[in-house]
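The structure under discussion appears below in the form of structure tokens.
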There are 2 protein chains.
Amino acid sequence: MESRQASSIFEALSSDVRLDVFRLLVKNAPSGLVAGDIAKAMDIPSTNLSFHLKALVQSGLVSVEREGRFLRYRASIPLMLDVIAYLTAECCSDNPECCRAFRAESDVDARFLPTR
Amino acid sequence: MESRQASSIFEALSSDVRLDVFRLLVKNAPSGLVAGDIAKAMDIPSTNLSFHLKALVQSGLVSVEREGRFLRYRASIPLMLDVIAYLTAECCSDNPECCRAFRAESDVDARFLPTR
DNA sequence: GACACATTTCAAGAAGTGTTGAATTATCCC
DNA sequence: GGGATAATTCAACACTTCTTGAAATGTGTC
């Protein structure tokens, strides 16, 4: 991932509203939610929600698809995994020893990695 | 990690300048760099660099320590690992099957996980 | 103390982001 | 076509962030 794309993704997640929307969509992957459902959960004017959804779509973190009168939004899990990979690579690739030592302490992986 | 802290960290990484500075500091972990060295690498006025360094320090992603006439900045690798854990947890905890399937496709882990 | 150096803080303006209600577009159903 | 519903775009304003040079702060050295 290019660092310019990374900063644009971080920008998309830098607003409380957008992070909450994105988390909601992740929880509702892969089926997604239509805008009205998101609005109910978020309790903000629809016009403002639209503004934030547009930003999420432009970042690529969220995709949108028309479904009759509704618009269905979905979190892009693959891009999210790319972001995780980007952070992990930035952290480790040029400095593996340092990162490994901290990882051993915090034991991040054992808690969150999927079983394969 | 609280989602409010997460969005504040994403905000810190949402500027190209700050992401570049942070990546530079990660590459130079754990010794860090003094402000002047960062300024040389970044090619922006020192007053503007100061502004962005302050934002990074306030987010917690970077720490600062006086060293004689210099100020030494260091990336906080543990907090970065917390962010990775946060994203991973958001992605997987409520939706492990979905995330696992995507992971298997992109094979993120095999590339970046430390050997233990 | 006086000077030089590293870096920050301040103040001001430029640029960008967020919020809102009104108007618009798109779709469905009769 | 006409009316109802879902959601967006528009335009205006408030608010925040970014950038810059000038001034200030802290530290080392003579």
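Atom set for the values below is all heavy atoms of this structure, side chains included, hydrogens, waters and symmetry mates excluded.
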Problem - N/O (side chain, A:Tyr73) to phosphate O (OP1/OP2, D:dT8) under 4.0 Å - result: yes

Exercise for the section: Could you check whether B:Arg18 gets within reach of a base, just the sugar-phosphate, or nothing at all, counting any heavy atom under 4.0 Å? Expected result: sugar-phosphate

Practice task
Write down the distance between CD (A:Glu65) and P (C:dT27), rounded to a whole number of angstrom.
Solution key: 13 Å

Exercise for the section: To the nearest Å, give me how far apart CG (A:Leu13) and P (C:dG18) are. Expected result: 12 Å

Practice task
For a side chain to side chain contact (heavy atoms under 4.5 Å, CB included) with A:Ile38, tell me which candidate from A:Leu71, A:Ile44, A:Leu33 qualifies.
Solution key: A:Leu33

Fill in the blank from the handout: Note: for A:Val17 and B:Leu71 on DNA chain C, the residue whose nearest nucleotide lies more 5' is B:Leu71

Completion exercise
d(B:Phe51 CZ, B:Leu56 CG) to nearest 0.5 Å is 10.5 Å

Handout entry: Earlier contact from the 5' end, DNA chain D, for A:Val64 and A:Arg69
Key = A:Arg69

Fill in the blank from the handout: Sorted by number, residues from residues 30-59 of chain B placing a heavy atom under 4.0 Å from DNA chain D are B:Pro45, B:Thr47, B:Asn48, B:Phe51, B:His52

Exercise for the section: State, yes or no, whether a side-chain contact exists between B:Leu49 and B:Val21 at a heavy-atom distance under 4.5 Å. Expected result: yes

Practice task
Check whether any side-chain heavy atom of B:Met42 lies under 4.5 Å from a side-chain heavy atom of B:Asn48, and answer yes or no.
Solution key: no

Practice task
Please lay out, stage by stage, how A:Arg72 and A:Asp37 fare under the test salt bridge (Lys or Arg N to Asp or Glu O under 4.0 Å).
Solution key: CA-CA 10 Å; A:Arg72 180 166 294 272; A:Asp37 292 340; 5.7 Å; no

Exercise for the section: Using a heavy-atom cut-off of under 4.0 Å over every strand shown, decide if A:Glu67 touches base, sugar-phosphate, or nothing. Expected result: nothing

Exercise for the section: State whether B:Arg66 places a side-chain N or O below 4.0 Å from either non-bridging phosphate oxygen (OP1 or OP2) of D:dT27. Expected result: yes

Completion exercise
In this structure, OG of A:Ser8 is separated from CD of A:Glu2 (nearest 0.5 Å) by 11.5 Å

